[in-house]
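A, B, ... follow the sequence lines: proteins, then strands. Residue 1 opens every chain.
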Amino acid sequence: MTFLPYAVSAWLFLVGLFGVVRSRNLIHLVVCLSVVQASTYVLLLAVGYRHGGAAPIFADVPLGSRTVDPVVATLTLTDVVVEATVVALLLALAVQAHKRFGTLDPDQLGAMRG
Amino acid sequence: MTAVQAVALIVVAVAGTAVVFTPDPSRQAIVASVFGLSLALLFFVFQAPDVALSQITVGTVALPAMILLALAKVRRRERARNDS
Amino acid sequence: MAIAPLTVAVPLLAAGALTAVAPWVNRPIAEVVALGAALAATALSIALLVQAGDGLDIYWFGGWTPRHGIALGVSFAVDSFGAGLAALVAALMVAALIVMWRYRDTDAPHFQVLMLVFLSGMLGFCLSGDLFDMFVFFELMSVAAFALAGFKVEEEAVEGSLNFAVTNTIGSFLILTGIALVYGRTGALNLAQVGGALVGGPSDGLVVVAFALLACGFLVKAAVVPFHFWLADAYAVAPTPVCLLFAGAMSELGVYAVGRLWFDAFAPALGSHADALRAVLIVAGSLTAVVGAVMCFAQDHVKRLLAFATIAYVGLFLIGLGLLTPVGLAGAAIYIVSDGLGKAGLFASVGIVQHRLRHVSEARLRGLGRDLPFTGLLFLAGALSFASLPPFGTFLGKSLIEDGLSSAGYEWVVPILVLTSVLTSAAVLRVAAGAFLGWGTAVPRRVSALDESGSEEDAPRGRTPPSMYLPALAMILGALAVGTIPGIAESVQGAAARFADGHGYAAAVLNGTTPARPGTLPYSTAGHAYAYAAVTGLGAVAMAALALFGNRGRGSAGARLADLGERALAPLRAVHSGRVGDYVAWLVSGVAALGGALALALHPI
Amino acid sequence: MTRRGRMVLFGFGAVGLAALMAWGLAGLPSFGDFDGAYGTLLSKIAVPERQASSVVAAVTFDYRGLDTLGEEFILFAAAVGVLVLLRIQRGEEDIPAEPQHSRLPTGRSLTLRSVATALVGPVVLLGLYIVSHGHLTPGGGFQGGLVLAAGLLLAYLSGAHLRLGRARPVSAMELSEAAGAAGFALIGLGGLVFAGVFLENFLPTGTFRSLISGGTIPLANVAVGAEVMGATLLILAELLDQHLLTHGRHRR
């Protein structure tokens, strides 16, 4: 069971990419992309977890007690919020595509031949 | 690896797969909200409360809101195009 | 030594200030502020380059210097390669902002804000010495680039930037996964610290897969085959001054990042497998060069033509880097700087053509440019720089790489270098001759579907404003100048030797010892380099002439040759479908193939 | 390339990528056995040196402050990108924009409006708490900014939609976003001016577990909170604005 978190993160990575490749709707595609993104958070936090470790916040926990790794929490915390706005940018592009092409199906955009 | 963590991981995997296999974006936004909540619980179980708080506000509230609003704009334009 | 942070902070502060006063600022003020910040960044990067000189300047943010050998804070590690690339990026930004002056009515402060954030993203990426920090600046420059590529919001603009955004976002997820693996094993994020920790541990599957994922993530940004599909779409639609930056600097950063990643973080542990890695990188580079060059020659849309030329030259840079020797690295560095300036000059000239003639399709441009002799000369100079002929810096870069290839036993790659230069310069010569001299057949082989006629601006301007042709001229002269600086080959080779010295880097970062100053061996261009250049020049002229005058009549040999070429090219054209689903499928299989090859090369099972 | 061809290509790629990732992930220490020196050292020294009880906040805003500055400007650039893309589109909106006066209140159902109005106050208060206590308890500028944005979104849902008069709230949001982003960069610059090193924590670190502690960390939290709130509201307003402008017309 000790490799379950890594397996789940690899599964989310691949299933999200599967959704992106198979998608027939740009908004669906962007949400599948956010699933791929979630897999990186699961992996980062799983890597930094330590058995019996408390959260690295010493508001009520005595100093020096065993904690989880604070660095991965730092990396993930900012990334979660930032990726939300990147998804918003992709959604804005999808809405633009619909306005210009009249469809959200990525296969019908295809003005970029050759 | 406590039982709660294993369950949280399974729920996240199932929810993520559900998000991918929901073709209709409006329903997918709701499933994505559930997926965001399951991720927040997982991060909470992984002793990362800061990230759990971020994920709750982003994954459960902000992201689905943005998806639904983008859909509303697209549907509105389709309606407008059918009217004219 | 506060120059390093200011290089990145000044554009960010200017961007924040511009947005804060957005409702009350008109376009000229925004342009002046943006240009001022870009000039300041250029001056600061040049100062960094001079100061880094032959050493390595480390700047620990927040004052967190390493404690007990553990890097606490985030660091900038500025050597002459990083600072040189930063100076190139900043100079191209200044040129782009000047070209942008009369280009078209942009949404006043927001365009300049995005350009400034794009600039600091690239500068931070060049100077950073921390793995996650490189990811953050990679993401910063990508997001700004997505918005800038979609800026014109025309029909194709959206699709081009969508393909660009989705593929590069997946690239950044690959990098983040690689970082998670590295952190899981070493518990460190600083490049030097990672290098040291990896030497201690076993070089097993995790280490090589982490390198493969990180390298593939950066190679998506560099647009190496099969990750290159997004580049032609994005460059074809981005505003031309933005293309100037994309082509001149952004793609090359991907190649630079792979070099820094290998030499500083993974070479200390995996150095014994350098030969196998050399083979993989050179094959990937050659494939990219050939595909890029062939597709470049086959294009009718001038900006897509230059985009594929960019891909072709990224292939050549990867070959130079892939040699993993100071000669190869120096060749790649000089090639990057001079070719970056050359391509940027060409894109600026395309901006002039769009500004005056409204079209970017070669067929439609035929004969229109007769009263634009100066721009014609710029195109000609760009073509010569592509052909890597002696006066240009590209000649020096290519001959260095040719020497490196022959000394490393890869003579078979030299013809690929020659072929790439022939095809790309022939394409530009063909376009120039067609547009400015009216040569060539009136029968358009393939008029590109997305000719942006009329979309740039309504009435064609009578006169080219100096703010457009001066930067173009300056950049082409820059490409010329790089080749003529005395002793540049020796000093860049010395810098390349330091860039490739992972142990010296780690010592300088963690314990502050200045790296040993390697001796610079004198370099003289070998005779055969001139022979190759002559062959390239003649080949380019011959190819262009064939394309222009070949298919006179229906039945003539030239026409049959053109049809044969077109039929052979059809599958390659079909693969560049413009559909994001295809691109992601290619990306995934590319990571499996190229990533797998890199991993197996570094850890033969 | 046909869809089937694409799925076959993806199939092979996915199998290869899965194998590559499995090979890599197998080398990781098993779940829970991580003992990175960097993290343990930070947990030990962060509290005594910065008096901030949340080590995560200290690492985010002080030890690795440059990353956070970069992430913050990614958020800033994405919001400006959305603004540029959607605003240009609205400029040439093919559907005529609805005249100002006949705008119908957005939240129509009574229960929605009353619940939303009741919740606006507490949610904004919660947001302010999370931002200001970022260095003491879980939370901080990123999370608090989003909660504040959710609070103001509730104000919109409660029918008092964002008054889109001349002093458009969108420019107010743009101002708060820019002030937040530039603010954090200025704090970094302050470190350079007062303490000689960019992003140095130059303020006194105060007493442990009290509100005034951690030097510049609370200030950075407030700056990031303002920026995240402004950016999120900007994005939602752009999406809403589009929807809002023409929503009313279709009901008549």
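The choice from C:F132, C:F135, C:F137 that makes the most heavy-atom pairs within less than 4.5 Å of chain D is C:F132. When the candidates D:G16, D:G24, D:G81 are compared by the number of heavy-atom contacts under 4.5 Å with chain C, D:G24 comes out ahead. Counting heavy-atom pairs closer than 4.5 Å to chain D, the top-ranked of the candidates C:L600, C:V8, C:L189 is C:L189. In terms of heavy-atom pairs under 4.5 Å with chain D, the best-connected choice from C:A71, C:A212, C:A144 is C:A71. No other option in C:G63, C:A147, C:A22 has as many heavy-atom pairs under 4.5 Å with chain D as C:G63. Heavy-atom pairs under 4.5 Å with chain C were tallied for D:D67, D:V80, D:D35; the largest tally goes to D:D67. With respect to chain C, the highest number of heavy-atom pairs below 4.5 Å among D:L25, D:N201, D:D62 belongs to D:D62. When each of C:R185, C:E139, C:R67 is checked for heavy-atom pairs under 4.5 Å with chain D, C:R67 comes out on top. Counting heavy-atom pairs closer than 4.5 Å to chain D, the top residue among C:L6, C:D130, C:L18 is C:D130. Top candidate by heavy-atom pairs under 4.5 Å with chain C, chosen from D:F198, D:F76, D:F10, is D:F198. Chain C forms the most heavy-atom pairs under 4.5 Å with one residue out of D:L69, D:T40, D:I45, and that residue is D:I45.
Ring to ring, D:F34 and C:Y183 are close: their centroids are under 6.0 angstrom apart.
Residues of residues 188-195 of chain D that come closer than 4.5 Å to chain C, counting heavy atoms only, are D:L189, D:L192, ordered by residue number.
Heavy-atom distances place the side chain of C:V208, and not its backbone, under 4.5 Å from chain D. For C:W60, the part lying near chain D is the backbone, with the side chain staying farther off; criterion is any non-hydrogen pair under 4.5 Å. For a residue to count as touching a neighbouring chain, one of its non-hydrogen atoms must lie under 4.5 Å from one of that chain's; by this rule D:L28 touches chain C with backbone and side chain alike. Heavy atoms closer than 4.5 Å to chain C are found in both the backbone and the side chain of D:L9. For D:E49, the part lying near chain C is the side chain, with the backbone staying farther off; criterion is any non-hydrogen pair under 4.5 Å. Residue C:N190 does not touch chain D at all, counting heavy-atom pairs closer than 4.5 Å. Heavy-atom distances place both the backbone and the side chain of D:F73 under 4.5 Å from chain C. Residue C:A210 does not touch chain D at all, counting heavy-atom pairs closer than 4.5 Å. Of the two parts of C:H68, only the side chain, counted from C-beta on, holds a non-hydrogen atom closer than 4.5 Å to a non-hydrogen atom of chain D. Proximity to chain C (any heavy atom under 4.5 Å) is shown, for D:A181, by neither the backbone nor the side chain. Heavy atoms of C:V209 lying under 4.5 Å from chain D belong exclusively to its side chain. Using a 4.5 Å cut-off between heavy atoms, C:V113 contacts chain D through its side chain alone, with no backbone atom that close. Heavy atoms closer than 4.5 Å to chain C are found nowhere in D:A26, neither backbone nor side chain. At a 4.5 Å heavy-atom cutoff, C:S128 makes no contact with chain D through either its backbone or its side chain. Of the two parts of D:L186, the backbone and the side chain both hold a non-hydrogen atom closer than 4.5 Å to a non-hydrogen atom of chain C. Using a 4.5 Å cut-off between heavy atoms, C:F76 touches chain D through its side chain atoms alone.
By the side chain to side chain contact (heavy atoms under 4.5 Å, CB included) test, D:A37 pairs with C:I70, sequence neighbours left out.
Taking every heavy atom of both residues into account, C:G16 and D:A182 meet most closely at CA-CB, 4.1 Å. Summarising the geometry of C:A599 relative to D:L20, their closest heavy-atom pair is CB-CD1, 3.9 Å, with the distance given to 0.1 Å. For the pair D:L17 and C:A592, the tightest heavy-atom approach, listed with the atom from each and the gap, is N-CB, 3.7 Å. Nearest heavy-atom pair across C:V588 and D:A14 is CG1-N, 3.6 Å. The minimum heavy-atom distance linking D:A77 with C:L114 is given by the pair O-CD2, 3.8 Å.
The structure places CH2 of D:W23 at 5.5 Å from NE2 of C:H603, a figure rounded to the nearest 0.5 Å. Atom CZ of D:R3 and atom CG of C:D582 lie 9.5 Å apart (nearest 0.5 Å). Summarising the geometry, atom CD belonging to D:E174 is positioned 6.5 Å from atom OG1 belonging to C:T19; distances are rounded to the nearest 0.5 Å. Once rounded to the nearest 0.5 Å, the distance linking CG of D:L66 with CZ of C:F61 reads 4.5 Å. In this structure, D:R6 CZ and C:S577 OG are separated by 7.0 Å, a value rounded to the nearest 0.5 Å. Between atom CG of residue C:L140 and atom CG of residue D:L75 there is a gap of 11.0 Å, rounded to the nearest 0.5 Å.
D:R64 has no carboxylate O lying under 4.0 Å from a charged side-chain N of C:D133, or vice versa, which leaves the two without a salt bridge.
The backbone N or O of D:V197 sits nowhere less than 3.5 Å from a side-chain atom of C:Y59 that would complete a donor-acceptor pair.
Here the side chains of D:Y38 and C:L72 are in contact, with some heavy-atom distance below 4.5 Å.
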